[in-house]
Amino acid sequence: MPVRFQLNGILIEESEVPPSMTVLDYLRESEGLKGTKEGCAEGDCGACTIAVQLPQGNVEAVNSCLMLVPQLDGLSVTTVEGLSQPDSPLHPVQRAFVDNHAAQCGFCTPGFVMALFAFEQSGEAATAETVHEAIAGNLCRCTGYRPIVDAAMSVDCVPEKHVPPALEHSSHYTDGDEDFFAPTTLTELVKLRLEHPNAYVYAGGTDLGMRASKDRESYGRVISTSHVSELKRVEQSDGSVTLGAAVTYTDALPVLDEIAPSFAELVRRIGSRQIRNLGTIGGNVCNASPIGDTPPCLIALNAVMIVHGPKGQREIPAEEFFIDYRKTALNPDEILEALRIPLPQPDMLFRAYKISKRFDQDISAVVGAFALEVEDGMVKSARVAFGGMAATPARANACENALIGKPWVFETAIAAGTAISGDFTPLTDFRASEDYRMRVASNLLRRLYHDSDENDFVTEVMSL
Ligand SMILES: Cc1cc2nc3c(=O)[nH]c(=O)nc-3n(C[C@H](O)[C@H](O)[C@H](O)COP(=O)(O)OP(=O)(O)OC[C@H]3O[C@@H](n4cnc5c(N)ncnc54)[C@H](O)[C@@H]3O)c2cc1C
Ligand code: FES
Ligand code: FES
C-alpha cells in the first residue's frame with residue numbers, strides 16, 4: 001500500500017522509494033525541495049527542520065533527517081518552500097527574519113524559519129523562555145541568536161487553522177525488498193513481532209533513525225508502534241497514570257506537568273522540541289541506555305512496565321527492567337505496551353536533576369531522581385535512582401538507607417550523599433570522569449535539601 005501524505009498542500013501517494021529512505025533525502029532527492037538542509041544528519045543542528053500537521057490538527061517541528069518516509073503516512077508536511085512562492089509575499093516568519101537581520105547563510109535559516117513557523121502555528125505566546133525553547137534544537141554559527149530571537153518575538157500573525165485531510169492509512173509499505181509495517185492494534189503488533197523476530201520495533205526513531213541517517217543502513221523490516229491505539233493512550237485513574245509506549249514526550253508533558261513537575265522539567269531538556277515531538281518515553285526505556293534521562297525518574301517514582309507478548313501481559317517494576325548494559329527484561333517476542341506511574345502523594349518530595357555540559361540539547365553525565373516522604377520532620381521512605389553511575393540506571397540503596405528513619409536536616413542530606421560511594425563505581429568517559437560523577441551525584445543531595453527548604457535557597461540560575 002502506498003503511503004499518503006500532503007506535501008506543501010499537494011497529495012502524494014508514494015509507493016516507490018525504499019522504506020529506509022529518510023524524509024530529508026526524499027525531499028531533496030526525490031522532490032527537489034533543497035531548501036531543507038542537511039547539517040549533522042543526527043538530530044542535533046535543526047537544519048533539516050520541517051513542520052508536520054498531525055491528523056488531530058496540531059502542527060509540530062520535526063527533524064526530517066531522523067524520519068523515514070513511511071512515518072509521513074497521514075501527515076501534512078510543510079517545508080520552507082511551502083511558506084511562500086518567489087512571486088508572492090514572504091510568510092510573516094520569513095519577513096521577520098529579513099527585517100531583523102536574523103540570517104546570514106542558507107544552511108541554518110530554513111530550519112530556524114520552520115521551527116518558528118511551527119511555534120507560531122501552535123499559538124503559544126512568544127516569551128524569551130518559549131522562543132528559546134522553540135529554537136533550542138537549531139544551531140547558528142554566524143549570525144548569533146539575538147537577532148533570531150528578536151525576529152521570533154516580532155512575528156505578529158494569527159495561526160492559520162487548516163483542517164488536515166483524512167487519508168487512508170497504509171498498514172504495510174514495501175518496495176519489494178524492505179517492509180514497513182504500521183499496525184493499528186496491539187493484537188496485530190504482537191502477531192507481527194512473533195512473525196518477524198528480527199524486525200526493528202520502531203517508535204519515534206530518534207535513536208533508531210540514526211542507522212538510516214548517519215550509518216546509511218537499510219532496516220530490512222520495521223514494525224512501527226506509532227499507530228497502535230493501545231500504545232498511544234494517556235490514562236489517569238485515581239491511583240496512577242498510564243502512558244502508552246508510543247506516546248511522544250510532547251504528548252506526555254501535560255500529564256507529567258500535573259503529577260510530577262520536576263520530571264516534566266527534565267523531559268523538557270531531552271533533545272529539542274523536534275526530538276520531543278517524535279521521541280517517546282517507551283523508546284527511551286527500551287533503548288536502556290545507562291544515560292537515558294527517564295529511567296531514573298521512573299525507578300524513583302516506582303513505575304511499572306507493562307509488557308505484552310504472545311502469552312499476554314505481564315508487569316515488571318521499572319527497577320527490574322534494566323538487566324544489563326543496554327539490555328532489558330523484555331523477551332524477544334515481547335513489546336513494551338505502556339508504563340504505569342503511581343500518582344505521587346501530595347506531600348512527596350520528588351526532584352529529578354540532569355547534569356550535562358549544556359543546558360539544552362545535551363546528553364546527561366548524571367541524572368539523579370529522588371522521591372522522599374517526610375513526616376513530622378523524619379524521612380519515612382526514600383527511593384533514589386541514578387543514571388550515568390553504572391552500566392544500567394539503578395537504585396542507590398546505601399543512599400536510601402542513610403535517609404530512611406533520619407531527621408530531614410542538612411546533615412542527613414550530606415551523609416546520604418556520602419553514602420552513594422557504597423552504591424556505585426562510575427566510569428570515566430568523554431562525558432565525565434569517575435570523580436566528577438561521584439562528586440556531583442553526592443552534591444545533588446545538598447541540592448535536594450535546599451530545594452525542599454522553605455527559605456527559597458536559589459539552586460538554579462538561568463540567563464535568557
Ligand atoms: C539529537 C538527539 C538528542 C537526544 N537527547 C536525549 C536526551 O537529552 N536524553 C535522552 O535520554 N535521550 C536523548 N536522545 C535519545 C532519544 O531521543 C531517546 O532515547 C528517545 O526517547 C527514544 O525514543 P524513540 O521513540 O525515538 O525510540 P526509537 O528510536 O524508535 O527506539 C529506541 C529503542 O527502543 C525500542 N522500542 C521502541 N518502542 C518499543 C516498544 N514499544 N517495545 C519494544 N521496544 C521498543 C526500539 O526497538 C529501539 O531499540 C536524543 C536523541 C537525539 C537524536
Ligand atoms: S541535519 Fe542536523 S538535525 Fe537533521
Ligand atoms: S546564519 Fe547560518 S549558521 Fe547562522
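All values below come from the heavy atoms of this structure, side chains included, with hydrogens, waters and symmetry mates left out. Indexing begins at 1, ligand by ligand and atom by atom, following the structure's order. What you are looking at is a predicted structure, and each value in this text was computed from that prediction instead of being measured.
Of the protein's non-hydrogen atoms, the one nearest atom 47 (O) of ligand 1 is V201 O, 2.6 Å. What sits closest to atom 38 (N) of ligand 1 on the protein, heavy atoms only, is A203 CB, 3.7 Å. At the top of the distance list for atom 42 (N) of ligand 1, counting protein heavy atoms only, stands L336 N, 2.9 Å. Nearest to atom 35 (C) of ligand 1 among the protein's heavy atoms is C286 CB, 3.5 Å. Nearest protein heavy-atom neighbour of atom 33 (C) of ligand 1: G283 O, 3.8 Å. Looking at atom 14 (N) of ligand 1, its nearest protein heavy atom turns out to be I363 CD1, 4.3 Å. Among all protein heavy atoms, the one lying closest to atom 3 (S) of ligand 2 is G46 N, 3.2 Å. Here the heavy atom of the protein found nearest to atom 20 (C) of ligand 1 is T206 OG1, 3.4 Å. Nearest non-hydrogen protein atom to atom 22 (C) of ligand 1 is D207 OD2, 3.2 Å.
Near C108, meaning under 4.0 Å from one of its heavy atoms, ligand 3 places the atoms 1 (S), 2 (Fe), 3 (S), 4 (Fe). Of all atoms in ligand 1, numbered sequentially from 1 with element shown, those under 4.0 Å from a heavy atom of L330 are 43 (C). Shown in contact with G39 at under 4.0 Å from a heavy atom are these atoms of ligand 2, numbered in order with element: 1 (S). Those atoms of ligand 1 that come under 4.0 Å of a heavy atom in G292, given as number and element, are 11 (O). Close approach to N63 involves these atoms of ligand 2, each under 4.0 Å from a residue heavy atom: 3 (S). Distances below 4.0 Å separate heavy atoms of C45 from the following atoms of ligand 2: 1 (S), 2 (Fe), 3 (S). Against a heavy-atom cut-off of under 4.0 Å, A245 is close to the following atoms of ligand 1: 41 (N). Close approach of ligand 1 to I275 (heavy-atom distance below 4.0 Å) involves ligand atoms 1 (C), 2 (C), 17 (O), 52 (C), 53 (C). Close approach of ligand 3 to R141 (heavy-atom distance below 4.0 Å) involves ligand atoms 3 (S), 4 (Fe). Listed by atom number, the atoms of ligand 1 under 4.0 Å from G43 heavy atoms are 1 (C). Which parts of ligand 1 touch D362 is read off a 4.0 Å heavy-atom cut-off, strictly below it: atoms 8 (O). Within ligand 1, the atoms closer than 4.0 Å to a non-hydrogen atom of G271 are 3 (C), 4 (C), 5 (N), 6 (C), 7 (C), 8 (O), numbered from 1 in the order shown. Each of the atoms 1 (C), 53 (C) of ligand 1 lies under 4.0 Å from some heavy atom of E42.
Residue R269 places a heavy atom less than 4.0 Å from ligand 1. No heavy atom of E337 sits closer than 4.0 Å to any atom of ligand 1.
Below 30°, between 30° and 60°, or above 60°: for F181 and H196 the angle between ring planes is below 30°, a parallel geometry.
Within a 6.0 Å radius of CG in L427, no more than 12 heavy atoms belonging to other residues, nucleotides or ligands are found. Around atom OH of Y145, more than 12 heavy atoms belonging to other residues, nucleotides or ligands sit under 6.0 Å away.
Residue C105: no N/O/S atom is found under 2.8 Å from atom 4 (Fe) of ligand 3. Residue contacts to atom 2 (Fe) of ligand 3: C140 brings no N, O or S atom closer than 2.8 Å. Atom 2 (Fe) of ligand 2 does not have C48 among its coordinating residues (no N/O/S atom, backbone or side chain, under 2.8 Å). Coordination check, C40 versus atom 2 (Fe) of ligand 2: passed, since an N/O/S atom of the residue sits under 2.8 Å.
Taking both residues in full, the closest heavy atoms of A96 and V155 are given as CB-CG2, 3.7 Å, listed atom of the first, atom of the second, then distance. Shown here for F359 and R269, the closest heavy-atom pair between the two residues is O-NE, 3.0 Å.
In I335, the parts holding a heavy atom less than 4.0 Å from any atom of ligand 1 are both the side chain and the backbone. Contact annotation for A41 and ligand 2: only backbone heavy atoms (N, CA, C, O) come within less than 4.0 Å of the ligand. Counting heavy atoms under 4.0 Å from ligand 2, residue L66 does not touch it at all. Using a 4.0 Å cut-off between heavy atoms, K354 contacts ligand 1 through its side chain alone, with no backbone atom that close. Under 4.0 Å from ligand 1, the heavy atoms of L66 that appear belong solely to its side chain. Only the side chain of Y249 comes within contact range of ligand 1, with a heavy atom under 4.0 Å; no backbone atom does. Counting heavy atoms under 4.0 Å from ligand 1, residue E334 does not touch it at all.
Within the 3.5 Å criterion, the main-chain N or O of E178 finds no donor-acceptor partner in the side chain of R221. R4 places no side-chain N or O within donor-acceptor distance of the main-chain N or O of L72, the cut-off being under 3.5 Å. With hydrogens and angles disregarded, a donor-acceptor distance shorter than 3.5 Å links the side chain of S64 to the backbone of C48.
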